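All figures in this text were calculated on a predicted structure; none of them were measured in a lab. Numbers for residues simply follow the sequence, beginning at 1. The figures here come from the full heavy-atom set of this structure, side chains too, leaving out hydrogens, waters and symmetry mates. Just so you know, ligand 1 is whichever comes first in the structure, and atom 1 is the first atom listed for that ligand.
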Amino acid sequence: MVSTSPRIGVLALQGDVREHLRVLTNLGATATPVRRPSELSDVDGLVIPGGESSVIDKLSRAFGMRETLREAIAAGLPAYGTCAGLILLADRIVDGIQGQQTFGGLDVTVRRNAFGSQVDSFEVDLEVPVLGPPAVHAVFIRAPLVEQAGPGVEPLATLDDGSVVAVRQGSILGTSFHPEVTGDARFHALFLDMVRARIR
Ligand code: GLN
């Protein structure tokens with residue numbers, strides 16, 4: 001049993017894998033890149049990084065990861081997705097490229113590139129009640145929004161206009177933004193708490 005140093009995989013098909021590995025390692029987790037289906041059985045939780053969701057989707061199929069990933073998440077493997085990772089964890093997607101699929105797990109509809117091409121990226125300070133003060137400095141890069149969420153989904157943060165940008169459902173956490181690039185490790189720490197609660 002692992003209680004103090006959970007083993008966390010970071011899906012390493014494309015995207016900002018190294019940033020997540022660094023944050024997780026600094027928090028005391030044993031963090032490793034995951035590229036093969038067999039590597040999934042060695043981890044207590046999985047982070048899906050930001051990057052390009054349609055590329056990660058395609059590579060997951062090319063690497064034979066997709067079904068194993070879907071099944072592991074459906075069976076309760078804790079997962080945290082940032083930006084593209086949130087898209088991949090959504091059960092439903094709007095504005096994906098033709099044929100784009102997700103792994104699913106979160107009972108949400110996510111709109112990809114929700115801020116349009118005019119606003120590629122922006123930063124904002126977000127109140128996140130589950131983390132307490134201070135506000136989280138959130139970096140959005142061609143970010144998705146949670147447009148609709150089922151009853152089991154807990155919104156964790158919203159923009160001033162009410163748009164949902166962070167959610168939790170059971171052992172799955174998703175953020176539209178990138179805590180791995182700001183030096184604020186509280187979302188990753190929350191995820192590790194969720195993983196520990198599950199493996200205890
Ligand atoms: N727009 C990207 C996508 O569709 C996500 C961007 C990101 O992860 N920063 O996957």
Side-chain angles (χ1 to χ4, degrees), residues 8-24 31 33-35 45-63 65-66 69-70 73 79-126 128 136-149 155-159 161 163-169 172-188 190-191:
I8 308 295
V10 179
L11 186 63
L13 300 175
Q14 188 264 344
D16 67 338
V17 175
R18 259 181 304 178
E19 289 78 358
H20 283 287
L21 290 171
R22 193 183 57 237
V23 178
L24 292 161
V34 165
R35 288 188 192 86
L46 181 73
V47 169
I48 305 181
E52 174 47 55
S53 55
S54 59
V55 173
I56 298 175
D57 166 38
K58 278 187 193 150
L59 290 175
S60 76
R61 289 183 255 167
F63 280 58
M65 283 292 280
R66 178 181 152 75
L69 257 170
R70 275 185 74 83
I73 295 167
Y80 173 28
T82 63
C83 201
L86 165 64
I87 296 170
L88 286 154
L89 287 171
D91 284 346
R92 298 168 295 279
I93 171 179
V94 175
D95 284 350
I97 68 163
Q98 179 142 26
Q100 182 169 353
Q101 297 174 24
T102 68
F103 307 132
L106 279 174
D107 181 12
V108 299
T109 304
V110 158
R111 180 176 295 275
R112 185 167 160 265
N113 298 337
F115 300 91
S117 51
Q118 301 296 315
V119 184
D120 260 5
S121 64
F122 62 97
E123 304 186 12
V124 71
D125 287 328
L126 278 181
V128 185
V136 170
H137 186 70
V139 175
F140 293 79
I141 306 166
R142 292 182 62 74
L145 272 182
V146 177
E147 284 207 336
Q148 177 273 334
L156 299 181
T158 54
L159 297 176
D161 67 1
S163 306
V164 175
V165 291
V167 290
R168 177 168 61 176
Q169 181 181 13
I172 306 184
L173 181 67
T175 56
S176 299
F177 48 92
H178 291 270
E180 72 278 12
V181 302
T182 56
D184 183 338
R186 289 178 292 164
F187 266 102
H188 289 80
L190 174 66
F191 179 58

> Do Thr82 and ligand 1 have an N or O pair less than 3.5 Å apart?
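No: no nitrogen or oxygen of Thr82 is under 3.5 Å from one in ligand 1.
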> Counting only N and O atoms by type, is there a donor-acceptor contact under 3.5 Å from the side chain of Asp57 to the main-chain atoms of Gln101?
yes
> Give a yes or no on whether a salt bridge exists between Arg142 and Asp120, defined as a side-chain N under 4.0 angstrom from a carboxylate O.
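Salt bridge between Arg142 and Asp120, a charged N being under 4.0 Å from a carboxylate O: yes.
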> Where is the nearest protein heavy atom to atom 1 (N) of ligand 1: which residue, which atom, and how far?
Asn113 OD1, 2.6 Å
> What heavy-atom pair brings Ser163 and Leu145 nearest, and what distance separates the two atoms?
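Nearest heavy atoms, Ser163 then Leu145: CB-CD2, 3.5 Å.
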> I'd like to know if Glu52 and Arg112 make a salt bridge, using a cut-off of under 4.0 Å between side-chain N and carboxylate O.
yes
> Return the orientation label for the His188 and His20 ring planes: parallel under 30°, perpendicular over 60°, tilted otherwise.
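The arrangement is tilted - the two ring planes meet at 30° to 60°.
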> Heavy-atom distances under 4.0 Å decide this one: backbone, side chain, both or neither, for Ile87 against ligand 1?
side chain
> Any atoms of ligand 1 less than 4.0 Å from a non-hydrogen atom of Gly50? List them with their elements.
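Those qualifying, in numeric order: 8 (O).
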> Measure from atom 6 (C) of ligand 1 to every heavy atom in Gly51, Gly81, Ala143, Gly15 and give the option owning the shortest one.
Gly51
> Please write down residue, atom name and distance for the protein heavy atom closest to atom 10 (O) of ligand 1.
Ser53 N, 2.5 Å
> Return yes if some donor-acceptor pair links the side-chain N/O of Thr102 with the main-chain N/O of Ala90 below 3.5 Å, else return no.
yes
> Where is the nearest protein heavy atom to atom 7 (C) of ligand 1: which residue, which atom, and how far?
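Answer, as residue, atom name and distance: Cys83 SG, 2.8 Å.
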> Examine distances only and state if a side-chain atom of Ser53 and a backbone atom of Ile87 form a donor-acceptor pair shorter than 3.5 Å.
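It does not hold such a pair.
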> Considering His178, Arg142, Gln100 one by one, which has a heavy atom nearer to atom 9 (N) of ligand 1 than any of the others?
His178
> Considering only heavy atoms, does Arg112 approach ligand 1 within less than 4.0 Å through its side chain, its backbone, both, or neither?
side chain
> For Glu52, take its heavy atoms, then give the atoms of ligand 1 lying under 4.0 Å from any of them.
2 (C), 3 (C), 4 (O), 10 (O)
